[in-house]
A.B. asks: 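Handing you a structure now.
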Amino acid sequence: MLSESSAAVVAATLPAVQAHGEAITGRFYQRMFDAHPELLNIFNRSNQATGQQKAALAAAVVAYAEHLTGGSSVPWGPILDRIAHKHASLGITATQYTIVGRHLLTAVGEVLGDAVTPEVAAAWDEVYWLLACELIAREARLYTVAEVPENGSVWREWRVVERTQETPDVVSFTLAPADGGPVPGFTPGQYVSVAVNLDAGRGQQIRQYSLSGRPGAAHWRITVKRVRGTAGAPDGLVSTVLHEQVAVGDTLRLSPPFGEVSAIGDGGPLLLVSAGIGLTPAMSALAHLAASDPERPVALVHADRAGAAHALRDELPGLQEGLPNLSVRLWYEDAAGGELAGLKAEIDDGLVDPELIPLAPGAHVHLCGPVPFMALVRGGLLRRGVPTERIAYEVFGPGMLRD
Ligand SMILES: Cc1cc2nc3c(=O)[nH]c(=O)nc-3n(C[C@H](O)[C@H](O)[C@H](O)COP(=O)(O)OP(=O)(O)OC[C@H]3O[C@@H](n4cnc5c(N)ncnc54)[C@H](O)[C@@H]3O)c2cc1C
Ligand code: HEM
């Protein structure tokens with residue numbers, strides 16, 4: 001809890017900090033990267049360049065201050081879990097919180113100037129460390145469960161044992177630990193971070209990829225869509241390296257599996273709704289259930305540009321054999337030629353209509369796809385009476401959906 005004296009100071013200075021959020025964020029990153037260029041290898045440079053969620057860190061501190069001073073009733077547990085899982089997958093350490101804290105608070109002082117008295121600085125320092133301690137504690141638990149050695153690294157080398165071109169834009173990598181050690185378990189919906197070295201000494205970048213195979217299998221699998229730059233924007237840094245440079249026999253640096261969103265719910269009917277490359281958690285869930293709970297009623301709803309763009313589609317007939325209560329409904333923007341031999345599916349032309357999504361009473365829902373797609377489907381399901389807490393979703397980027 002924030003001390004009473006700090007709470008009053010934070011409440012009084014919150015509007016000024018909020019009003020200068022962008023300037024503070026800009027100053028913060030500039031200072032931090034100048035002092036610690038090695039952190040450029042941990043932060044997502046494309047998010048920095050586009051400004052997309054660049055402000056996430058500072059904005060979270062401000063939102064937490066609002067929460068501590070009674071100005072918001074947002075439940076923080078799920079937000080802290082999401083950040084902690086993401087941080088753990090990046091190998092963030094407690095020491096790095098000192099670096100971030102120092103530069104963030106100095107940036108506040110630089111932007112707000114004389115308004116930041118020693119009393120104001122101490123109050124914001126308290127907010128930062130309350131939040132930091134919550135995250136550090138959660139991350140420490142995650143590292144312990146993942147058996148990351150104390151003061152050790154999250155990174156482990158994995159060898160590519162198979163590479164499969166699923167569609168022109170999507171490739172799967174099947175991976176085995178390079179040290180021959182055991183393959184850790186995971187829950188469908190969890191992801192790994194992949195760290196790759198960029199060409200020409202441009203350092204390292206890290207991205208997350210959901211595990212698309214069956215937990216308990218002898219290998220892991222990730223399925224990666226190649227991100228092409230449009231309208232003058234550059235091609236995706238990591239997906240391009242994976243598509244163009246990674247072959248069978250090469251190794252990749254992977255984190256243990258993390259991620260707070262389960263794609264299988266807690267028993268009962270399951271509705272998996274995905275679009276495009278957002279199908280990876282659903283495919284892992286189906287493989288898992290076929291092996292562990294084959295009678296489970298499951299509805300798979302997937303939206304894609306066309307049958308030929310629908311990655312891993314060839315696996316659906318086999319999964320239907322293993323899951324007799326699996327129904328499949330597909331929406332292809334262009335449904336011509338979308339049928340697949342052996343697959344029992346309803347196929348519609350055009351975009352997903354949330355009203356037509358099959359909904360069993362009491363179903364647990366898992367969504368994954370572009371944010372506007374998930375917002376549309378989630379809105380439709382909420383209107384149809386599905387309680388919020390039964391709808392889990394995964395955003396393939398920073399952030400969460402807003403109500
Ligand atoms: C939990 C989670 C799970 C995920 N699972 C999967 C998965 O299973 N499969 C999968 O394929 N992906 C998945 N992703 C997405 C993945 O992590 C990457 O975000 C994705 O591969 C793109 O990374 P990239 O490095 O190729 O592109 P980035 O380099 O990150 O580029 C992203 C976008 O930014 C644009 N951009 C970059 N710089 C600029 C600039 N200066 N101006 C304008 N635009 C710019 C690029 O053009 C591109 O469109 C997941 C993400 C998360 C968070
Ligand atoms: C109290 C301190 C911190 C807060 C409130 C915070 C908050 C956040 C938030 C909200 C996200 C986005 C999560 C998502 O939705 O995906 C995030 C991601 C991230 N954080 Fe933190 N963070 C803190 C400390 C740190 C530290 C100490 C580091 C390491 C130096 C760090 C590095 C990152 C990185 C690399 C990402 C991934 C996104 C990107 O690369 O742009 N954070 N953090």
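Counting starts at 1 for both ligands and their atoms, following the listed order. We number each residue from 1, following the sequence as shown.
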A.B. asks: With atoms numbered from 1 as shown, which atoms in ligand 1 lie under 4.0 angstrom from a non-hydrogen atom of A233?
C.D. replies: 43 (C), 44 (N), 47 (O)
A.B. asks: Using modelled atom types and a 3.5 Å cut-off, is there a donor and acceptor pairing between side-chain atoms of R384 and backbone atoms of I357?
C.D. replies: yes
A.B. asks: Got a sec: does the CD of E110 have more than 12 other heavy atoms crowding it under 6.0 Å?
C.D. replies: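 It does: E110 CD has more than 12 such atoms within range.
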A.B. asks: Take the angle between the ring planes of H103 and H36 and call it parallel below 30°, perpendicular above 60°, tilted in between.
C.D. replies: perpendicular
A.B. asks: Quick one: look at V170 and ligand 1, take heavy-atom pairs under 4.0 Å, and tell me if it's side chain, backbone, both or neither.
C.D. replies: neither
A.B. asks: Are K344 and E321 ion-paired here, with the side-chain N under 4.0 Å from a carboxylate O?
C.D. replies: no
A.B. asks: Classify the contact between V395 and ligand 1 as side chain, backbone, both or neither, using a heavy-atom distance cut-off of under 4.0 Å.
C.D. replies: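 For V395, only backbone atoms sit under 4.0 Å from ligand 1.
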A.B. asks: Would you verify that at least one protein heavy atom lies under 4.0 Å from atom 33 (C) of ligand 1, or report that none does?
C.D. replies: no
A.B. asks: Which of the numbered atoms in ligand 2 are below 4.0 angstrom from a heavy atom of N47?
C.D. replies: 41 (O)
A.B. asks: Salt bridge or not for D250 and R163, using N-O below 4.0 Å?
C.D. replies: no
A.B. asks: Is any side-chain heavy atom of W124 less than 4.5 Å from a side-chain heavy atom of V9?
C.D. replies: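 Sidechains of V9 and W124: no contact.
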A.B. asks: Does Q190 reach the main-chain N or O of G259 with its side chain, forming a donor-acceptor pair under 3.5 Å?
C.D. replies: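 Side chain of Q190 to backbone of G259, a donor-acceptor pair under 3.5 Å: yes, one is there.
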A.B. asks: Is there at least one pair of N or O atoms, one from V227 and one from ligand 1, spaced under 3.5 Å apart?
C.D. replies: no
A.B. asks: To the nearest 0.5 Å, how far apart are NZ in K86 and CZ in F258?
C.D. replies: 13.0 Å
A.B. asks: Suppose I only count heavy atoms of Y191 and a 4.0 Å limit; which atoms of ligand 1 are within that range?
C.D. replies: 1 (C)
A.B. asks: Apply the side-chain contact (heavy atoms from CB on, under 4.5 Å) test between T240 and each candidate in R226, R228, Q245; give the one that qualifies.
C.D. replies: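 That would be R226.
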A.B. asks: For R82, take its heavy atoms, then give the atoms of ligand 2 lying under 4.0 Å from any of them.
C.D. replies: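 Within the 4.0 Å cut-off of R82, ligand 2 contributes 14 (C), 15 (O), 16 (O).
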A.B. asks: Among protein heavy atoms, which sits nearest to atom 11 (O) of ligand 1, and what does the distance come to when rounded to 0.1 Å?
C.D. replies: K225 N, 2.8 Å
A.B. asks: Starting from atom 26 (O) of ligand 1, which protein heavy atom do you reach first, and at what distance in Å?
C.D. replies: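 Here the closest protein heavy atom is S239 OG, 2.6 Å.
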A.B. asks: Give me the residue, atom name and distance of the protein heavy atom closest to atom 41 (N) of ligand 1.
C.D. replies: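 Atom 41 (N) of ligand 1 sits closest to the protein heavy atom A49 CB, 3.4 Å.
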A.B. asks: Could you go through the side chain to side chain contact (heavy atoms under 4.5 Å, CB included) check for Y29 and L40 one step at a time?
C.D. replies: CA-CA 10 Å; Y29 280 113; L40 285 165; over 6 Å; no
A.B. asks: Main chain of S212, side chain of R221: is a donor-acceptor contact present, judged purely on distance under 3.5 Å?
C.D. replies: yes
A.B. asks: Which one of R45, R207, R226 has a non-hydrogen atom at the shortest distance from atom 19 (O) of ligand 1?
C.D. replies: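 Looking at heavy atoms only, R207 sits closest to atom 19 (O) of ligand 1.
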A.B. asks: Where does L237 meet ligand 1, judged by heavy-atom distances below 4.0 Å: at the side chain, the backbone, both, or neither?
C.D. replies: both
A.B. asks: Should the proximity of Y209 to ligand 1, defined as any heavy atom under 4.0 Å, be assigned to the side chain, the backbone, both, or neither?
C.D. replies: both
A.B. asks: Using a 4.0 Å heavy-atom threshold (strictly under), name the region of E394 that reaches ligand 1: side chain, backbone, both or neither.
C.D. replies: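 The side chain, only.
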A.B. asks: Nearest heavy atom to atom 17 (C) of ligand 2 wins, so pick from E38, K86, H87.
C.D. replies: H87
A.B. asks: Which atoms of ligand 1 are found less than 4.0 Å from any heavy atom of I277?
C.D. replies: 9 (N), 10 (C), 11 (O)
A.B. asks: Please could you name the atoms of ligand 2 that L90 approaches to less than 4.0 Å, counting only its heavy atoms?
C.D. replies: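 This gives 34 (C), 35 (C), 36 (C), 37 (C) as the contact atoms.
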A.B. asks: What atoms of ligand 1 come within less than 4.0 Å of a heavy atom belonging to V224?
C.D. replies: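 So the answer, numbered in order with elements, is 11 (O).
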A.B. asks: What part of V238 sits under 4.0 Å from ligand 1 if we count only heavy atoms: the side chain, the backbone, both or neither?
C.D. replies: both
A.B. asks: Heavy-atom contact under 4.0 Å between G259 and ligand 1?
C.D. replies: no
A.B. asks: In ligand 1, which numbered atoms sit nearer than 4.0 Å to a non-hydrogen atom of G236?
C.D. replies: 24 (P), 25 (O), 26 (O), 27 (O), 28 (P), 29 (O), 31 (O)
A.B. asks: Would you confirm whether Y332, through its side chain, and G307, through its main-chain N or O, come within 3.5 Å as a donor-acceptor pair?
C.D. replies: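 Checking the backbone N and O of G307 against the side chain of Y332, no donor-acceptor pair under 3.5 Å is found.
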A.B. asks: Hey, can you tell me if W129 and Y97 have their rings parallel, tilted or perpendicular (30° and 60° cut-offs)?
C.D. replies: tilted
A.B. asks: Tell me which protein heavy atom sits closest to atom 9 (N) of ligand 1, plus the residue, atom name and distance to 0.1 Å.
C.D. replies: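 Minimum-distance protein heavy atom for atom 9 (N) of ligand 1 reads T223 O, 2.9 Å.
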A.B. asks: Show which atoms of ligand 1 fall inside a sub-4.0 Å distance from at least one heavy-atom site of T280.
C.D. replies: 7 (C), 8 (O)
A.B. asks: Which heavy atom of the protein is the closest neighbour of atom 6 (C) of ligand 1, given with residue, atom name and distance?
C.D. replies: F396 CE2, 3.3 Å
A.B. asks: Of the side chain and backbone of Q48, name the one, both, or neither that has a heavy atom under 4.0 Å from an atom of ligand 2.
C.D. replies: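 The answer is neither; Q48 stays 4.0 Å or more away.
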A.B. asks: Is the ring pair W220/W158 parallel, tilted or perpendicular, if the boundaries are 30 and 60 degrees?
C.D. replies: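 The rings of W220 and W158 lie parallel, inter-plane angle below 30°.
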A.B. asks: Is there a donor-acceptor pair closer than 3.5 Å between any side-chain N or O of H366 and the backbone N or O of S274?
C.D. replies: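 No; zero donor-acceptor contacts below 3.5 Å.
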A.B. asks: Give the residue and atom name of whichever protein heavy atom lies nearest to atom 53 (C) of ligand 1, and the separation in Å to one decimal.
C.D. replies: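 Nearest neighbour among protein heavy atoms for atom 53 (C) of ligand 1, to 0.1 Å: G397 N, 3.5 Å.
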A.B. asks: Determine, considering heavy atoms only, which of V100, N41, N44 sits nearest to atom 26 (C) of ligand 2.
C.D. replies: V100
A.B. asks: Return the closest protein heavy atom for atom 17 (O) of ligand 1 as residue, atom name and distance.
C.D. replies: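 Result: Q208 O, 2.6 Å.
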A.B. asks: If you take the nearest heavy atom of each of S46, A231, P234, G189, which one is closest to atom 47 (O) of ligand 1?
C.D. replies: P234
A.B. asks: Counting non-hydrogen protein atoms only, what is the nearest one to atom 36 (N) of ligand 1? Give residue, atom name and distance.
C.D. replies: T50 CG2, 3.6 Å
A.B. asks: Short list, please: which atoms of ligand 2 are under 4.0 Å from a heavy atom of I42?
C.D. replies: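 Within the 4.0 Å cut-off of I42, ligand 2 contributes 35 (C).
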